[in-house]
Amino acid sequence: MALERTLSIIKPDAVAKNVVGEIYSRFEKAGLKVAAARMKHLSRAEAEGFYAVHRERPFFNALVEFMISGPVMIQVLQGEGAVLKNRELMGATNPKDAAAGTIRADFADSIDANAVHGSDSLENAAIEVAYFFPATDVYTR
Ligand code: GDP
Ligand code: MG
């Protein structure tokens, strides 16, 4: 497997629940290293731009409203197979379907407030990392 980078966001619900550290611990135990991080309260334009691929979906407005409801914790995770590894740690989009022991099974309340975002492909990971971090702010670890 190749060394990869992926973009992770701890969403407003999980930041409000004060489980940032617990979620970071899962990344670390899985061998993922934090290569960049920042807390940010997204503007509407930033959230809309980040989720532009979902613009035509019926849940788009609800998703944007939720993502700007409070600060988020944004990080770049680096490691072997980081994109898939992070998706496995996250669990299914709907926490009702998420496997036991995944972040969404343990911390998410609903499909709207589902605790974390993670890039779904290496190609999207590169786009999403660049959306939030200049290359000079991402550290090779
Ligand atoms: P993800 O990659 O697992 O986060 O899922 P998607 O990329 O398909 O969707 C992005 C985000 O939109 C999800 O994490 C959910 O917060 C939200 N979302 C997706 N599908 C639905 C839905 O059917 N209803 C609602 N309310 N939100 C959804
Ligand atoms: Mg997605």
Side-chain angles (χ1 to χ4, degrees), residues 1-135 137-141:
M1 231 186 296
L3 196 63
E4 296 177 354
R5 285 174 174 166
T6 191
L7 189 85
S8 161
I9 302 178
I10 302 177
K11 295 184 179 184
D13 58 323
V15 172
K17 280 184 184 169
N18 204 28
V19 292
V20 169
E22 292 212 36
I23 293 173
Y24 267 51
S25 172
R26 292 177 184 218
F27 297 149
E28 292 173 353
K29 284 179 181 143
L32 295 174
K33 295 177 176 179
V34 176
R38 70 189 292 206
M39 184 171 268
K40 191 164 169 50
H41 196 146
L42 301 179
S43 69
R44 184 175 300 275
E46 283 169 332
E48 286 177 350
F50 182 73
Y51 279 119
V53 63
H54 293 307
R55 195 173 293 274
E56 303 306 325
R57 308 282 284 278
F59 58 81
F60 180 72
N61 285 337
L63 174 60
V64 169
E65 287 296 336
F66 169 64
M67 289 300 288
I68 66 175
S69 65
V72 297
M73 192 72 196
I74 312 168
Q75 44 283 326
V76 177
L77 303 176
Q78 181 176 303
E80 294 291 321
V83 173
L84 184 59
K85 195 175 274 185
N86 181 44
R87 294 292 306 197
E88 287 171 353
L89 292 173
M90 289 165 59
T93 305
N94 189 338
K96 290 194 180 95
D97 302 327
T102 60
I103 293 167
R104 281 166 165 169
D106 290 345
F107 302 120
D109 296 323
S110 68
I111 194 167
D112 306 82
N114 65 357
V116 279
H117 166 85
S119 307
D120 62 4
S121 69
L122 200 52
E123 184 188 7
N124 284 336
I127 294 166
E128 292 180 0
V129 167
Y131 191 81
F132 288 116
F133 296 99
D137 287 354
V138 184
Y139 296 93
T140 298
R141 301 194 44 207

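We count ligands from 1, going down the list as the structure has it; atoms in each ligand are counted the same way. As a basis for the values below, the full set of heavy atoms in this structure was taken, side chains included, without hydrogen atoms, waters or symmetry mates.
Each of the atoms 13 (C), 14 (O), 15 (C), 16 (O) of ligand 1 lies under 4.0 Å from some heavy atom of Asn114. Taking every heavy atom of Asp112 and a limit of under 4.0 angstrom, the matching atoms of ligand 1 come to 16 (O), 25 (C), 26 (N). Atoms of ligand 1 found under 4.0 Å from any heavy atom of Thr93 (numbered from 1 in listed order, with element): 1 (P), 3 (O), 5 (O), 13 (C), 14 (O).
Residue contacts with ligand 1: Arg57 is placed with no nitrogen or oxygen under 3.5 Å of a nitrogen or oxygen of the ligand (distance criterion only). For ligand 1, the polar-atom distance check finds an N/O of Arg87 within less than 3.5 Å of one of the ligand's N/O atoms. Backbone and side-chain nitrogen or oxygen atoms of Tyr51 are examined, and none is located within less than 3.5 angstrom of a nitrogen or oxygen of ligand 1.
With salt bridges taken as basic N to acidic carboxylate O contacts below 4.0 Å, none links Asp137 and Arg38.
Side chain of Glu4 to main chain of Ala82: a donor-acceptor pair is present (N/O by atom type, distance under 3.5 Å, no hydrogens or angles).
For the pair Lys11 and ligand 1, a heavy-atom separation below 4.0 Å is found. A heavy-atom separation below 4.0 Å is not found between Met67 and ligand 1.
Between His117 and Tyr51, the two ring planes are perpendicular [angle over 60°; tilted spans 30° to 60°].
Distances from atom 16 (O) of ligand 1 to the heavy atoms of Asn61, Asp120, Ile111 show the closest one on Ile111.
Of all heavy-atom pairs between Asp13 and Ala108, the closest is OD2-CA, 4.5 Å. Shown here for Phe66 and Pro12, the closest heavy-atom pair between the two residues is O-CG, 3.3 Å.
Partner of Leu89 under the side-chain contact (heavy atoms from CB on, under 4.5 Å) criterion, out of Thr102, Ile23, Leu32, Leu77: Leu32 alone.
For the residue pair Arg5 and Thr140, a side-chain donor N or O sits within less than 3.5 Å of a side-chain acceptor on the partner.
Residue-environment remark: NZ (Lys17) exceeds the threshold of 12 foreign heavy atoms within 6.0 Å.
Counting only heavy atoms of the protein, atom 19 (C) of ligand 1 lies nearest to Phe59 CZ, 3.4 Å. Among all protein heavy atoms, the one lying closest to atom 4 (O) of ligand 1 is Arg104 NH2, 3.0 Å. Nearest non-hydrogen protein atom to atom 10 (C) of ligand 1 is His54 NE2, 3.5 Å.
Proximity of His117 to ligand 1, defined as any heavy-atom pair under 4.0 Å, is not found for any part of the residue.
Side-chain contact between Phe50 and Leu7: present, with at least one pair of heavy atoms (C-beta onward) separated by less than 4.5 Å.
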